[in-house]
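Before any comments, here is the structure.
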Amino acid sequence: MLDRDLIRNHPELVRAGIARKGLDAPVDEFLRVDQERRQVQTELQEKQAEMNRISKSIGMLMGQGKKDEAEAAKAQTKDLKDFITVGEARQRDLENQMREIELQFPNLPHDSIPNGKDEHDNVVVKLWGEVPQFDVQPQAHWDVAERLKLLDPPRAAKISGSGFALYTGQGARLQRALFTFMIDHQTMKNGYYEIYPPYLVNSASLIGTGNLPKFEEDLYKVDDDLYLIPTAEVPVTNLYRDEILSGDQLTLKLAGYTGCFRREAGAAGKDTRGVLRIHQFDKVEMVKFTKPEDSYDELESLVKDAESILQTLGLHYRIIELCSGDIGAKGAKCYDVELWSPGVGRYLEISSCTNFEAYQSRRANIRFRRAQGDKPEFVHILNGSGLACPRLFAAILESFQQPDGSVLLPEALRPYVGADRISA
RNA sequence: GGAGAGGUCGCAUAGUGGUCUAGUGCGCCGCACUCGAAAUGCGGUGUGGGGCAACUCACCGAGGGUUCGAAUCCCUCCCUCUCCGCCA
């Protein structure tokens, strides 16, 4: 959601920002309904004020035993009452329309982000580490996994269907080691407060983060009003829905490990081998609540926190800044961390660090007060993966495969796996 | 799943159709007293919207309804607590 005053007073600015993203928003409809809503409200309030005066006087007259006068006053209220009944219904209807319209607005892009049409216009802003060199063509992770019996795709398909991963033996162990290592790292080294939230959330939470109403087809719905979370971002961001935080609590840094569930509705047939795109995966997610003036510094440090995992593991990666056409509806500015996957032969998105500014906090009504007595303001919300497990799993198998067929584990993972290497 | 109790302005409570546009205590802020503090006294202390000034409207878990008038009565839903059943 955007600031109503901004759309009202600077519609051309809003239009321009949304056009830069290559998206649409019902600006005209907003202006029309908003105009009518305010007019209806003003008229309604005058009548309500009059009705309140009369009702109060009836109460007073009754108290004084002046029944006839009270009855006379009652008779005056008929027309007012009719007007108010109609006006209230109209007002409710218009406010609901406003809400629906507002929820359709994308966020505006930050001025600093590059213009562009799609992912080809994204900008690489950083490369870290060396592309690992191999004497022979490195195997893709699905081949490494098959050889070392780390995954069992046929049985995954049997018990659940296509698009699911079944980790076995040391593969299961490595997977568990990864998320334990990462949540430890983000909480103990980078100072995030650990959250372990529910995996099922209601629609209000999904509206708060911006997953509903527009992206329902990406979600698994399990009950009338319960959905499996597509990321821990949803429950963790909504921790403070409809709350007012105190300024001295900010910046608030939370991190949670959860399973994530995505229908990948629009991606059928893409990345069908291995674990690059699956319906259920594990992820550590970081969420920050900041004062508006701090959010862009916090975005930079959020990316560093995501990177620190890869640096600790010694994996080559790059960071790209998303252009206006690729950032999507919700974000104002976004960096993707892409991990080099030598077997697959391309960079894989493993973290997306986004500043939503006040877009989510308006939807979820999350505010803060600078000092006692100050007006509540909307917080800025940011989040980023820290990191996603399957692609990290894939890159480790591919990057650290050895001539003898084993996978030599990075130092930091060894205590978690309980071994130096994975071998047949 | 069954039965019962309950959700009031930060906290605790009062309030069962008409000076309740919600009282009181605590907390918090300001002022007074004080060298300073405590204690005391006085005043203030929610959110959102319209006008953007005076003012006004809405909000007592949420949404409907009855009424001239609802925190209070009716209906639906949500949540919390207690007990029973089932169960990792």
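Because the structure is a prediction, the values reported are computed rather than measured. Proteins get letters first, then strands, A, B, ... in listed order; numbering begins at 1 in each.
- For A:Glu43 and B:G49, the CD to C1' distance is 16 Å, given to the nearest whole Å.
- An OP1 or OP2 oxygen of B:G48 is reached within less than 4.0 angstrom by a side-chain nitrogen or oxygen of A:Arg367.
- Comparing B:G50, B:G65, B:C68 by their nearest atom to the side chain of A:Gln45 picks out B:G50.
- At the heavy-atom level, A:Gln41 lies under 4.0 Å from base atoms of the strands shown.
- With both pairing distances under 3.5 Å, B:U76 is matched to B:A62 as a Watson-Crick or G-U wobble pair.
- Atom CG of A:Leu245 is separated from atom P of B:G10 by 15 Å (rounded to the nearest Å).
- Counting any heavy atom pair closer than 4.0 Å across all strands shown, A:Ser55 reaches a base atom.
- Here B:G18 presents its P atom at 14 Å from NZ of A:Lys56, a figure rounded to the nearest Å.
- If you measure from atom CD1 of A:Ile54 to atom P of B:C68, you get 13 Å, rounded to the nearest angstrom.
- B:C35 makes up no base pair with any nucleotide shown, lacking Watson-Crick or G-U wobble contacts both under 3.5 Å.
- Using a distance-only test at 3.5 Å, with no hydrogens or angles considered, no donor-acceptor pair links the side chain of A:Arg37 to the main chain of A:Met98.
- B:U56 and B:U21 are spaced 11 Å apart, taking the C1' atom of each and rounding to whole Å.
- Side-chain contact annotation: A:Arg369 with A:Ser246, donor-acceptor N/O pair under 3.5 Å absent.
- In this structure, A:Phe378 places its CZ atom 11 Å from C1' of B:U47, rounding to the nearest Å.
- Using a 4.0 Å cut-off between charged nitrogen and carboxylate oxygen, A:Glu233 and A:Lys330 count as a salt-bridge pair.
- Using P as the reference atom, B:G43 and B:G23 are 14 Å apart when rounded to the nearest Å.
- At B:G69, one or more side-chain N or O atoms of A:Lys81 fall inside 4.0 Å of OP1 or OP2 (strictly under the cut-off).
- Atom P of nucleotide B:U47 and atom CD1 of A:Ile244 are separated by 6 Å, given to the nearest angstrom.
- Between A:Phe105 and A:Phe30, the angle of the ring planes goes over 60°, which puts this pair in the perpendicular group of the 30/60° scheme.
- Taking atom C1' in both B:G18 and B:G69, one finds a spacing of 7 Å when rounded to whole Å.
- In terms of position on RNA chain B, the residue among A:Pro376 and A:Asp34 whose nearest nucleotide sits closer to the 5' end is A:Pro376.
- Side-chain atoms of A:Arg37 lie closest to B:G50 of the nucleotides B:U56, B:U47, B:G50.
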CA sep, side-chain torsions, deciding dist, call: A:Gln139, A:Gln401, side chain to side chain contact (heavy atoms under 4.5 Å, CB included): CA-CA 8 Å; A:Gln139 286 188 313; A:Gln401 52 187 301; 3.5 Å; yes
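- Across B:U47 and B:A38, the matching C1' atoms stand 35 Å from one another, rounded to whole Å.
- At the heavy-atom level, A:Arg4 lies nowhere under 4.0 Å from the strands shown.
- Judged by distance alone, the side chain of A:Thr237 and the main-chain N or O of A:Val234 form no donor-acceptor pair under 3.5 Å.
- Residue order along RNA chain B, read from the 5' end via each residue's closest nucleotide, puts A:Arg369 first among A:Thr77 and A:Arg369.
- The gap from the P atom of B:A22 to that of B:C55 amounts to 16 Å, rounded to the nearest Å.
- Going from the P atom of B:U19 to that of B:U72 covers 14 Å, rounded to whole Å.
- Across all strands shown, B:A54 forms no Watson-Crick or G-U wobble pair with both key distances under 3.5 Å.
- Here the nucleotide nearest the side chain of A:Arg8, chosen from B:C68, B:G50, B:C57, is B:G50.
- Per the geometry, CD belonging to A:Glu50 stands 14 Å off P belonging to B:U56, to the nearest Å.
- Remark: P of B:U67 and CG of A:Leu80 are 16 Å apart, rounded to the nearest angstrom.
- There is a side-chain donor-acceptor pair under 3.5 Å between A:Tyr296 and A:Glu357.
- Among B:U56, B:G50, B:G18, the nucleotide with an atom closest to any side-chain atom of A:Ala49 is B:U56.
- Side chain of A:Gln48, nearest nucleotide from B:C68, B:A58, B:U47: B:A58.
- Under the Watson-Crick and G-U wobble criteria, each requiring two contacts below 3.5 Å, nucleotide B:C28 is paired to B:G44.
- Listed pair A:Arg38 / B:G51 meets the phosphate criterion, a side-chain N or O lying under 4.0 Å from OP1 or OP2.
- Taking the P atom of each, B:G61 and B:G25 are spaced 23 Å apart, rounded to whole Å.
- A donor-acceptor pair is defined here as one N or O able to donate and one able to accept, closer than 3.5 Å; no such pair exists between the side chain of A:Lys21 and the backbone of A:Pro106.
- Contact annotation: A:Lys375 side-chain N/O to B:G48 OP1/OP2 distance is under 4.0 Å.
- A:Arg53 has no side-chain polar atom (N or O) that falls below the 4.0 Å cut-off from OP1 or OP2 of B:G18.
- Close to B:A58, at under 4.0 Å from its OP1 or OP2, lies a side-chain N or O of A:Asn52.
- B:U76 and B:U66 have their C1' atoms separated by 15 Å, with the value rounded to a whole Å.
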